[in-house]
Amino acid sequence: MNSNDIVVVGSGHNGLVAAAYLAAAGKRVLVLERNGWFGGGVTTRELTLPGFRHDQHAIAHIFIHANPLLAGDELKLKSKYGLRYTFPDPPMVSVFEDGSTLAVHRDRERTCAEIAKFSRRDAESFRRLSVQAAAWLPTVAASLFTAPAPLGPSFARLDQSREGREFWRIVQMSTHDVVCEYFENDRVRMHFARIAVENLVSPDEKATGLGVFVFVGFMEAYGIGLPIGGSGRLTDALVACIRDSGGEVTPNVDVARVLVRNGRATGVVTTSGAEFQAREAVIGAIHPHDLGRMVEGIDGEVARAAAATQFSSNACITVHAALKAPLRFRNGEPVRAVMNELLPNHYEQLRRSFDDLRYGGFSQYPLVGFGSLTAFDPSRVPEGRATLHAWDYVPYSRADGRSWDDAKGEYAERMLQHMRGFIANLEPQDILQIHCDSPVDMERTSSSFRHGDLHGIATSSYQSGAHRPTPELGQFTVPGVERLYLVGPFQHPGGGVFGAGRATAMKMKGDLESR
Ligand SMILES: Cc1cc2nc3c(=O)[nH]c(=O)nc-3n(C[C@H](O)[C@H](O)[C@H](O)COP(=O)(O)OP(=O)(O)OC[C@H]3O[C@@H](n4cnc5c(N)ncnc54)[C@H](O)[C@@H]3O)c2cc1C
């Protein structure tokens, strides 16, 4: 166990991706995971009953399909290690309280036809938006899978052309600004505004406007991929790849500190006192708020800035259920999209929900989305059964002072009650078992999800790109501590299934070769 070139703290998919590339390059790699299972946010577990396999956190694999990891199958996860995807169409649908629906399809013209049900003019505007999104997609996608470019030169370059300035204008706008500029219909606006909500922010938050273009661009080019067998199949394939290359992935090992000798990371020590040496480097899924405590001798100013990074103002809560039968909407239609957003009849209500959250309360209108992935992959449940994965947004600290451990059952029931307004067969007799993860449970499953924040820290512009999580830590390295590399949703490009560990491995390999 102590003849390792590289020790990786945490078996989240980003740590595993970095480990797998380095193992394939001939390094002897050891991955240490605190939990008794692997994958962090990309894991499939029997959370409710035997035979019911639930994606505990991430369900939708979107961005990773543009990553050369999968686009070029660089590690043979698909061709050798059994990773298979299905891409259901439509990937996303908004279901309004009155039963009307608006779907985003992979095919532009089909989405236009959906939007035309509400406004012909908006269908035309969508075509324009979608063409622009496709034009920007290669630049956006390329930026996601490398170390981030420095901000100053990037802004200067954008300022040199009309198209660059338009891109920069959209980047600074709120999602609300964008949907109001493009669309006239209240529901069409709400449908696209909901995309910001998936990022834990109000559509009124400035500097979220590009999200609409990124979402549309990715939906049309890639859609939403669901690994057959569950989200955790990506993790399984990565673990198999690492082991095949001679590396090890070990559960139930909680790393307490990164050992630093003469300004260089040399290994880790666990909470039980075991030491693991790393001849070449340490990769850590270390939340910025933990850096000061976990990295010996770290520069005080680097640690202080990291500890000052801010969370999203809303946290996430999820409800998983084992169901007797596949879900049906009240109009009798089965679930046909991966992500189903349950929305009010008026956009203003969605915006006001965020005002409730902003002041620490619960949103009067729950912002529930759900997926029932067994509709596309029945291999996850016993024959004829189904699963539900629903999510909503809540304050991390409850204004009533109650702990989430005490109160999460009541909140789960509130979400289910709300969903019953849309779904015909979600009554108590339709549900076999429930599992609820409050924001507190979420941070217990991975320190990345501190405060119930899916992204580790907020995706605000001042904590994005080369400044994520801080300007000094933006290149996946820690100033003053050589050979320590960072992975996690709190690093560029942020929370999501990106396979961002590839960029960390590339950076590390470049550094090691240049020495
Ligand atoms: C409820 C929820 C739903 C989501 N849905 C989606 C979705 O549909 N699509 C999408 O793209 N993204 C989604 N995300 C976000 C996505 O899951 C994460 O951004 C992503 O999984 C982060 O991967 P990671 O490898 O960087 O970190 P993590 O997955 O958090 O992995 C970090 C790992 O390191 C381990 N670890 C940390 N510290 C130590 C230590 N000291 N010692 C040992 N082990 C340690 C942790 O236990 C964990 O296993 C969702 C997140 C949540 C919480």
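Atoms within a ligand are numbered from 1 in the order they appear, just like the ligands themselves. Note that these values count all heavy atoms, side chains included, but never hydrogens, waters or copies made by symmetry. Numbering starts at 1 and runs along the sequence shown.
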Part of [X] with heavy atoms under 4.0 Å of ligand 1, whether side chain, backbone, both or neither:
{"X": "Val253", "answer": "backbone"}
{"X": "Leu32", "answer": "backbone"}
{"X": "Thr445", "answer": "backbone"}
{"X": "Val497", "answer": "both"}
{"X": "His455", "answer": "neither"}

Nearest non-hydrogen contact with atom 30 (O) of ligand 1 belongs to which option: Ser446, Ala18, Gly40?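 When every heavy atom of Ser446, Ala18, Gly40 is considered, Ser446 comes closest to atom 30 (O) of ligand 1.
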Nearest to atom 27 (O) of ligand 1 by heavy atom, Ser447, Ser448, Gly495: which?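 Result: the heavy atom closest to atom 27 (O) of ligand 1 is in Ser448.
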Contact atoms of ligand 1, heavy-atom distance to [X] under 4.0 Å:
{"X": "Thr318", "answer": "1 (C)"}
{"X": "Val9", "answer": "39 (C), 40 (C), 41 (N), 42 (N)"}
{"X": "Gly41", "answer": "17 (O), 21 (O), 28 (P), 29 (O)"}
{"X": "Met294", "answer": "41 (N)"}

[X] versus ligand 1: do any nitrogen or oxygen atoms come within less than 3.5 Å of each other?
{"X": "Gly496", "result": "yes"}
{"X": "Phe449", "result": "no"}
{"X": "His13", "result": "yes"}
{"X": "Gly494", "result": "no"}

Kindly give the heavy-atom pair with the smallest separation between Pro88 and Leu226, and that separation in Å.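 In this case the closest contact between Pro88 and Leu226 is CG-CD1, 3.8 Å.
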Minimum heavy-atom separation for Ser231 and Arg380, please, with both atom names.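 Closest pair (atom of Ser231, atom of Arg380, distance): N-NH2, 4.2 Å.
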Let's go through Tyr485 and Phe476 carefully: what are the C-alpha distance in whole Å and the side-chain angles of both, what is the deciding distance for ring pair (Phe, Tyr, Trp, His ring centres under 6.0 Å) to 0.1 Å, and is it a yes or a no? CA-CA 5 Å; Tyr485 294 83; Phe476 316 135; 8.6 Å; no
Rounded to the nearest 0.5 Å, what's the gap from CG on Asn252 to CH2 on Trp37? Could you check?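 The CH2 atom of Trp37 is 9.0 Å from CG of Asn252, to the nearest 0.5 Å.
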Say you draw a straight line from NE2 of His57 to CG of Asp437; how long is it, rounded to the nearest 0.5 Å?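 Those atoms lie 6.0 Å apart.
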